[in-house]
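Structure record follows, encoded as structure tokens.
The basis for the numbers below is simple: all heavy atoms, side chains too, and nothing from hydrogens, waters or symmetry mates. Every value quoted in this text rests on a predicted model; they were computed, and no experiment measured them. All residue numbers in this chain count up from 1 along the given sequence.
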Amino acid sequence: MVPQDSLLVILVGLIDLIPMPPEPARRKRGHPKIYSDRLFLKALVIMIVQQVHTPSGLLAILAQPTAEMQVLRQELSLPDGRFACRRTWERRLAAIPGTLPAQIACLGCFLLELLNLWGKNACAAAIDSTVLIARGGVWHKKDREKGEVPHTSIDTDAHWTKSGWHGWVYGWKLHLVVTAACNVWLPLAAEVTPANVADNEKAPTLIEILPPGLHFLLGDQHYHDEALVRQCDRRGCILVTSFTGKNNPYPHHDDGVKVRQILHKTRSIAIENFNEHFKAIFDVHGAVPTKGLLPTQRFVLSAVFVYQLAILYSFLQDLDLRIGLKALLKAA
């Protein structure tokens with residue numbers, strides 16, 4: 001028998017305890033779902049922890065004749081024992097990236113209340129993006145303009161961006177909002193795009209799904225956008241960015257400089273430390289292990305979701321909510 005404290009089995013079991021986003025008011029045409037969305041969220045947890053990134057890889061490890069895999073296979077089956085066919089796994093796992101941002105926002109809101117983070121700390125969050133390197137080679141601009149792909153290893157769904165820290169990078173962007181001025185870095189919203197998508201272009205989608213009660217949203221100069229300011233005003237929060245105007249060169253001496261320094265340091269501590277923490281836990285300081293937009297969105301967003309799930313497990317077990325998450329997931 002699998003020991004009761006099998007971490008992977010426990011993490012998968014936590015899916016039954018978390019809230020799910022509301023179903024759309026109008027159901028799409030077609031056959032009703034036989035297998036629930038929770039079942040496929042459980043599968044994503046297994047894929048991230050076991051480091052498999054394709055439906056065929058998932059089914060291969062579930063077929064192994066171990067006690068743990070037998071229990072997990074039961075978790076992914078209906079009460080009458082039915083188990084989805086390969087085509088169903090491929091179709092549902094291909095569609096799930098579109099549902100993950102809402103699920104991350106839903107679980108983030110649930111954890112925010114459970115941990116009482118904004119009851120104990122400032123009601124603040126930080127918004128930013130971090131670059132992820134594409135798997136394989138790079139598609140240079142001259143080849144892209146000609147429509148020529150010089151090597152099959154190149155992920156043609158990825159794109160270029162210039163990072164102030166890393167220089168030119170070919171890959172993806174993980175757009176994030178995380179809690180700030182708290183003792184835990186909790187993701188509240190996440191999206192994955194090709195790297196050439198501007199931060200302020202994706203920000204409205206993230207801001208729209210943030211939980212109520214937010215007072216300050218902290219961003220860098222890329223989020224200095226009047227449309228974002230108005231959107232935050234409608235939500236009752238203040239967007240604070242590091243942009244001070246073209247007529248206020250560095251070093252700044254205006255009246256608000258000291259306050260901005262504190263807020264910008266708070267933003268940096270939250271989002272930049274989370275980004276490094278996240279990349280270390282899921283081994284993405286190098287290239288991502290997936291190729292193509294949908295597989296990469298599924299992998300990265302699933303990793304954010306599993307990070308949230310690890311925070312829930314650590315809270316229930318009275319463990320540190322920031323230290324030891326990588327060891328926890330590796331042990332699973």
Side-chain angles (χ1 to χ4, degrees), residues 43-58 90 93-101 103-104 127-178 187 189-203 205-206 220 222-223 271-307 326 329:
L44 292 181
V45 175
I46 299 170
M47 292 174 72
I48 291 297
V49 172
Q50 294 292 315
Q51 299 182 19
V52 295
H53 309 295
T54 62
S56 59
L58 171 68
E90 292 173 348
L93 289 175
I96 207 167
T99 68
L100 285 174
Q103 181 61 62
I104 289 169
I127 184 170
D128 204 355
S129 68
T130 187
V131 178
L132 302 171
I133 301 170
R135 178 183 177 183
V138 300
W139 200 9
H140 292 291
K141 182 180 178 181
K142 61 180 182 180
D143 295 322
R144 179 185 287 272
E145 290 175 347
K146 295 177 183 177
E148 298 176 353
V149 183
H151 198 276
T152 56
S153 71
I154 294 174
D155 190 339
T156 55
D157 287 346
H159 219 294
W160 289 97
T161 191
K162 189 173 185 180
S163 164
W165 182 259
H166 300 287
W168 284 102
V169 178
Y170 185 74
W172 314 93
K173 271 186 184 178
L174 169 58
H175 304 263
L176 277 166
V177 179
V178 303
E191 292 271 3
V192 174
T193 67
N196 63 325
V197 175
D199 292 351
N200 64 332
E201 182 181 338
K202 203 62 187 176
T205 305
L206 300 176
D220 61 17
H222 298 106
Y223 296 94
I271 198 75
E272 293 181 13
N273 280 287
F274 172 81
N275 287 339
E276 290 302 306
H277 192 49
F278 176 81
K279 289 180 179 181
I281 291 174
F282 298 102
D283 298 321
V284 285
H285 275 299
V288 297
T290 49
K291 185 177 179 181
L293 177 59
L294 288 179
T296 301
Q297 287 177 327
R298 183 174 62 211
F299 162 67
V300 177
L301 294 175
S302 296
V304 174
F305 174 73
V306 170
Y307 178 93
K326 181 173 183 176
L329 293 175

_For Val306 against Val45, the heavy-atom pair lying closest together_ = CG2-CA, 4.1 Å
_Where Ala287 and Ala134 come nearest, the two heavy atoms and their spacing_ = CB-O, 3.6 Å
_Looking at every heavy atom in both Val288 and Leu132, which two are closest together, and how far apart are they?_
CG1-CB, 3.9 Å
*Please report the shortest heavy-atom distance between His159 and Ala195, naming the atom on each side.*
O-CB, 3.4 Å
*Hey, does Thr193 have a side-chain heavy atom less than 4.5 Å from the side chain of Lys173?*
yes
*Side-chain donor-acceptor contact under 3.5 Å, Lys279 with Thr130*: yes
*For His222 and Asn200, which heavy atoms make the closest approach, and how far apart are they?*
O-CB, 3.4 Å
Donor-acceptor pairs under 3.5 angstrom involving side-chain atoms of residues 291-300: please list them, not counting sequence neighbours.
{"residue": "Lys291", "atom": "NZ", "partner": "Thr152", "partner atom": "O", "Å": "2.5"}
{"residue": "Thr296", "atom": "OG1", "partner": "Thr290", "partner atom": "OG1", "Å": "3.1"}
{"residue": "Thr296", "atom": "OG1", "partner": "Gly292", "partner atom": "O", "Å": "2.7"}
{"residue": "Gln297", "atom": "NE2", "partner": "Val192", "partner atom": "O", "Å": "2.9"}
{"residue": "Arg298", "atom": "NH1", "partner": "Leu93", "partner atom": "O", "Å": "3.0"}
{"residue": "Arg298", "atom": "NH2", "partner": "His53", "partner atom": "O", "Å": "3.2"}

*Looking at side-chain heavy atoms only, is the closest gap between Val304 and Glu191 below 4.5 Å?*
no
*Short question: side chain of His140, backbone of Lys142 - any donor-acceptor pair under 3.5 Å?*
no
*Minimum side-chain heavy-atom gap Tyr223-Asp128 below 4.5 Å*: yes
*asked:* Looking at Trp139 and Asp157, would you say the former's side chain and the latter's main chain have a donor-acceptor pair under 3.5 Å?
replied: no
*May I ask you to test the Leu176-Asn275 pair for a side-chain heavy-atom distance under 4.5 Å?*
yes
*asked:* To check you understand the geometry: which heavy-atom pair defines the closest contact between Pro97 and Leu301, and what is its length?
replied: O-CD1, 4.0 Å
*Within the side chain of Tyr170, is there an N or O that forms a donor-acceptor pair under 3.5 Å with the backbone of Ala158?*
yes
_From CD1 (Ile96) to CG (Leu44), nearest 0.5 Å_ = 4.0 Å
*Verify side chain to side chain contact (heavy atoms under 4.5 Å, CB included) between Asp143 and Glu148, making sure each step is shown before the conclusion.*
CA-CA 5 Å; Asp143 295 322; Glu148 298 176 353; 4.1 Å; yes
*asked:* Once rounded to the nearest 0.5 Å, what's the spacing between atom CZ of Arg144 and atom CH2 of Trp160?
replied: 9.5 Å
*Does the side chain of Leu174 reach to within under 4.5 Å of the side chain of Val284, using non-hydrogen atoms?*
no
*Rounded to the nearest 0.5 Å, how far apart are CH2 of Trp172 and CD1 of Ile133?*
13.5 Å
